[in-house]
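Below is one structure, written out as C-alpha cells, with a few remarks after it.
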Amino acid sequence: MEDKRLKIGLEYFQKKGWTPFPFQIQAWQDFLDGKSGLLNAPTGSGKTFALWFPALLEYIENHPDTWQKPQNNGIQLIWVTPLRALAQDLQKAMQEVCEVIGLPWQVAVRNGDTDPKTRSAMKRRPPECLITTPETLHILISQKDHKELFQSLSAVVVDEWHELVGNKRGVQVQLALEYMQSINPNRFKRWAVSATIGNLSQAAQTLLGSNLPVHIVKAKVEKEIIIHSVFPEEIEKYPWSGHLGIKLMDQVIEIIEGGRSVLLFTNTRSQTEIWYQKILEARPDWAGWIAMHHGSLDTSVRSWVENALHEGILKLVVCTSSLDLGVDFRPVDRVIQVGSPKGVSRFVQRAGRAGHQPGLPSEIYFVPTNSLELIEVAALRSAIEQEEMESQFTPELPYDVLIQFLVTLAVGDGFDPKVIFPIVKKTSSFTKLSDQEIQWVMDFITKGGASLGSYEDFLKVVEDEDGKYRVKNKKIAMKHRLSMGTIVSDVALKVKFKNGTYLGTVEEYFISKLKTGDRFFFAGRNLELLQVKGLDVFVKVTEKKNSNVVSWMGARMSLSSMLSHKIREIFREYNQGIIRSEEVRKVLPILDLQSKLSIVPDENTFLIESLQSRDGYHLFFYPFEGRMMHELMSALIAYRISQSFPVSLNMAMNDYGFEILSDVPISAEEILEEDIFSLKNIEDDILHCVNESEMSRRKFREIASIAGLVFQGYPGKPTSFKHIQANSSLLFQVFEQYDPDNLLLKQAREEALNQQMEQEMFIQAMKKLNRLEIVVKHPTQFTPFSFPIMVDRLSRTNISSESVEDKVAKILAQMEMD
DNA sequence: GACCTGCTGCGGGATG
C-alpha cells in the first residue's frame, strides 16, 4: 500500500500519541485492498480503530477533491453490534475521529430506541456511518426504498461476532450480508470482530459465506489470567452439593474490601438477589455503595448502575451475565465468580472485565459453591493455559429464520424466487437448502402449506403481476414488522407498588404459582403479593422474613464438553498420583472417599453405581458430558430399560452424571446385558424420547414465533404466555396430524436434539461410552459423586409434602444406621 | 454432616 493512503491515519495516531499495533495496520491494508475477513481481537485492544480507519481512508481516496466538504453520498459503512448499549460510545468515538481528521461524516445510531423524528430525518439524509443491530438491519430491508439506502455501501462490520455466530441472530446477519452484497456486488466488503473461540476459521467461513476465501487477522495482544481460588477452611465440612456458596461470605467480604471497585458474578438472578441481601446484612455501612444488576430489573435501574460503575461511584455490583458484555468499566479492579462458570470462554470474558492497565494480568477470584467445583477451577486453569476455548456452530437450515426473511423481503420491495434463493444458498446456514425445501417454504408462505390453507392469516405472500412476491395485506405487513427478530422471550409482568413505583419484571409462569398474601424476595426487598391486574403485579414491602426467592424460567446452563473432558483428565492424573494444582490437593479427602466407597473414573472407565435406600433402587451413571447431554441420555436409557422391564422410573441429573431410580430392584448387570447403550436403532430411540418429551414442544413454540405463526402481541400489549402456548401447541397438533412432513416440526425435533449439544455430539458421546470399560460398583452409601445428583432430584420432585430438609435428614439417619 | 439454581440479547411505518 502506498504511504499516502496511510498518512492521514498515522497522523491521527500521532496526534493522540499512540503507536498503531501491527494488526491494525494489517487490517487497514487488507480492507483497502478490497478483502473481507475476520479480526480476532479482545475487547479494549483497539479493534475498532482497525476497521473504522480504512473505511474513512477509502472514502477520502475516492473523493480526493471534496472529502473535506459536507456532502450527501449515502451510507458508506454499517457497524452492527449485538448490544444497543454499545452504540452511544461507538458513535461518540467515531465522531471524534472524524472531527480530528476533518472529515464531515455523520455518524448515527439506528435501533429500536431511535425516535421517529430521527428515523425520518435519517431517511431524507442518510448518515455516512450507521450503527445498528442485526434486527434493525432487517427492519431496514423491510422498507420499500432500502435498495437506494444500501447502494453506496462499501463495508459492513459486525462487532462481537462470537456472540452471534452460534445462534439465529447470526443467521439473520448472514442473510442480511449476502443480500446487501447482491445489491452492491463490486465494492462491498464484510468484516467481523470476534473474541477467541475454538473454531475461529469456521466462524470466519460462516461470516464470509461460500464464495469468499477465509481470511483472519489476529491481534497478538496476550493477556494473562490469574485465578485465585477461595478455599473453604475445612473441605471436609464444606457441602458436597449446593449452589449458593454463602458459607464463604467472610472471605468474600475481605476480597471486596481489598478492591476499590468490584464485580461479583453469579449464575442466576436469584443468586444475585440473595448475595446482595446477605452482603448488605454483613456490611450495612456499605448501603448506597453496592448495587445489583440482572435482566429482570428495570432498564432505568440498570443504566443507573452502569453509569455509576463507569464513574467509579460504586464499591460493588452483584450481577449475572447481564454485565458480561457492554460498556467498559475501567474503574473495576476485581472480579469475583461465584459458582461454576460452566465454560472456559465465559470465565475468560468475565475475568477480562477487570480493566487493568495494558500489559497487566486480569485477576479473578473463584468462589466454589460445593466441593467438587474446585476441580472445575483446576480444569478451567488447564484449558486457559492450553488456550482451549469452546466452539460455536451456526444453526443449519433454520427454516423459521428463512421464512421470516422472505416475508421481510415481501413486505418491502417484494422478491423474485429465482433471484433470492441463489443468494440465500450462499450463506453458510443454507448451503444445503434443496429444491424441494425451497418449494415447501414457498408453498408455506403463499398457501399455508398442507394444513393452514383455509386461514387467511397464514396466506401471507402473493405473486404480483410483475412476478414478484409481495405481502399485500397491510395488517399482515404491520404485524410482521412488529415481530421481527429471533429472540423469543416469555411474557413479563411488571412488579409495582400501589403508588406506581416500578421494581422490575417477573415471568407470568412464576406469578401463576403464587396466591395473594404470598411473600417473595425480589429487587432486594421482601415483598407480599397484593394483586395481579392485567400485566401488573402489585406488591407491598413486608417485614416478615421469608425464603421464597423469585425464580425465573431460564435456560439451564450446562457444563461445556470442553470442561467435562478436562475434568476427566484431572481424575486420570489423580488415579496416577499426579496432583497439579492447589485446588485438587484441597479436594483430595473427597476424592479419596469416593475411591474408597467406589472409584474415581478416568477417561477409559465408565462408572455405574448401584445402591438401595429408602427411596428405592438407585442406579447412578457417570458419563461426564454435561447436564444437557445427560438429560437426553437418561431419557434414552430409561426408555430402553422400560422396554425390557415394565417399571416406573424417576430421573435426575447434573453435569457429571445421571440417576435412574426405581421402586423395584433393577440389577445393573442385568440391564447391561440388554445393551442399553447400544448404537443399534439409536436414532429411532432418540426420536421417540424427544417426541415424548416437552423438549420439542418447547422448541416448536419458539420456531412458531420466529416463523410468524404466533403473534406475540403489540408493543406494550403482549399476548399472554398461556395464549401463545395454547396457539403454538394447537399448531403443533395440527401439523402432527395433517402435515407430518412440515419442515418446522422437523426443525423443532432437530433443535431439541442438537442445538444445545453441539452437532452430532450426542451420538459421538454414546459411541465413546461404548468404547469405555464399564465398571459397576455397589457402594454401601451415597458417594460424593452421587449425593449431589440425589439432592437435585429431591429439590425437583414436589410430589411429596415432606420438605427437602426432612428427606435429607431421613437419608442421613439411614446412612448412620448402615 | 452434607441441600434447596437455572443467563443474555431485539423489536412499525405509511399517510394525512
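All chains are named by letter (A, B, ...) in the order of the sequence lines, taking the proteins before the strands, and each is independently numbered beginning at 1.
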Note, [X] side chain near [Y] side chain (heavy atom, < 4.5 Å):
| X | Y | answer |
| --- | --- | --- |
| Val318(A) | His293(A) | no |
| Thr206(A) | Gln174(A) | yes |
| Arg350(A) | Arg346(A) | yes |

At 4.0 Å (heavy atoms only), tell me whether [X] reaches a base, stays on the sugar-phosphate, or touches nothing.
| X | answer |
| --- | --- |
| Leu244(A) | sugar-phosphate |
| Asn111(A) | sugar-phosphate |
| Ile487(A) | base |
| Ser371(A) | nothing |

**Item:** Nearest heavy-atom neighbours spanning Gln392(A) and Val165(A)
**Value:** CB-CG1, 3.6 Å

Is the phosphate of [N], meaning OP1 or OP2, less than 4.0 Å from a side-chain N or O of [X]?
| X | N | value |
| --- | --- | --- |
| Thr133(A) | dG9(B) | no |
| Arg346(A) | dT8(B) | no |
| Arg110(A) | dG11(B) | no |
| Arg269(A) | dT8(B) | yes |
| Thr486(A) | dC10(B) | no |

**Message:** Apply the syn/anti split at 90° from 0 to dG11(B) and say which one it is.
**Reply:**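 The base of dG11(B) is oriented anti (glycosidic angle more than 90° from 0).
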
**Request:** Using heavy atoms to find the nearest nucleotide of DNA chain B for Gly485(A) and Ser321(A) separately, return the residue whose nucleotide is more 5′.
**Result:**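 Nearer the 5' end of the strand: Ser321(A).
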
**Request:** Assign each of Leu140(A) and Pro134(A) to its nearest nucleotide of DNA chain B by heavy atoms, then name whichever residue's nucleotide is nearer the 5' end.
**Result:**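 Comparing both residues, the 5'-ward one is Pro134(A).
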
Interatomic distance, [X] [atom1] vs [N] [atom2] [rounded to whole Å]:
| X | N | atom1 | atom2 | answer |
| --- | --- | --- | --- | --- |
| Glu373(A) | dA2(B) | CD | C1' | 15 Å |
| His293(A) | dT8(B) | NE2 | P | 10 Å |
| Leu83(A) | dG11(B) | CG | P | 10 Å |
| Leu482(A) | dG13(B) | CG | P | 9 Å |
| Trp240(A) | dA2(B) | CH2 | P | 12 Å |
| Ile590(A) | dG1(B) | CD1 | P | 16 Å |
| Leu86(A) | dT8(B) | CG | P | 16 Å |
| Ile141(A) | dG12(B) | CD1 | C1' | 16 Å |

**Prompt:** For the side chain of Arg84(A) and the base of dG11(B), is some donor closer than 3.5 Å to an acceptor across the two?
**Reply:** no

**Request:** Would you state whether a donor and an acceptor, one from the side chain of Thr320(A) and one from the base of dC7(B), lie under 3.5 Å apart?
**Result:** no

From the list [options], which nucleotide is the closest neighbour of the side chain of [X]?
| X | options | value |
| --- | --- | --- |
| Lys342(A) | dG12(B), dT5(B), dG11(B) | dT5(B) |
| Arg627(A) | dG11(B), dT5(B), dG13(B) | dT5(B) |
| Ile139(A) | dG13(B), dC7(B), dC10(B) | dG13(B) |
| Arg169(A) | dT5(B), dG11(B), dG9(B) | dG9(B) |
| Arg119(A) | dT5(B), dG12(B), dC7(B) | dG12(B) |

**Message:** Please confirm whether the ring centroid of His618(A) lies under 6.0 Å from the ring centroid of Phe782(A).
**Reply:** yes

**Message:** Determine whether the aromatic ring centres of residues Tyr276(A) and His294(A) are separated by less than 6.0 angstrom.
**Reply:**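 So the answer is no for these two rings.
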
What pairs of nitrogen or oxygen atoms, one from the protein and one from nucleotides 14-16 of chain B, lie under 3.5 Å apart?
residue, atom, partner, partner atom, Å
dA14(B), OP2, Lys123(A), NZ, 3.2

**Prompt:** Hey, are Arg353(A) and Asp324(A) close enough for a salt bridge, meaning a charged N less than 4.0 Å from a carboxylate O?
**Reply:** no

**Prompt:** Who passes side-chain contact (heavy atoms from CB on, under 4.5 Å) against Ser634(A), sequence neighbours left out?
**Reply:** Met651(A), Met653(A), Phe658(A)

**Request:** Using the six-membered ring wherever Trp is involved, compare the ring planes of Tyr179(A) and His146(A) and label them parallel, tilted or perpendicular (cut-offs 30° and 60°).
**Result:** tilted

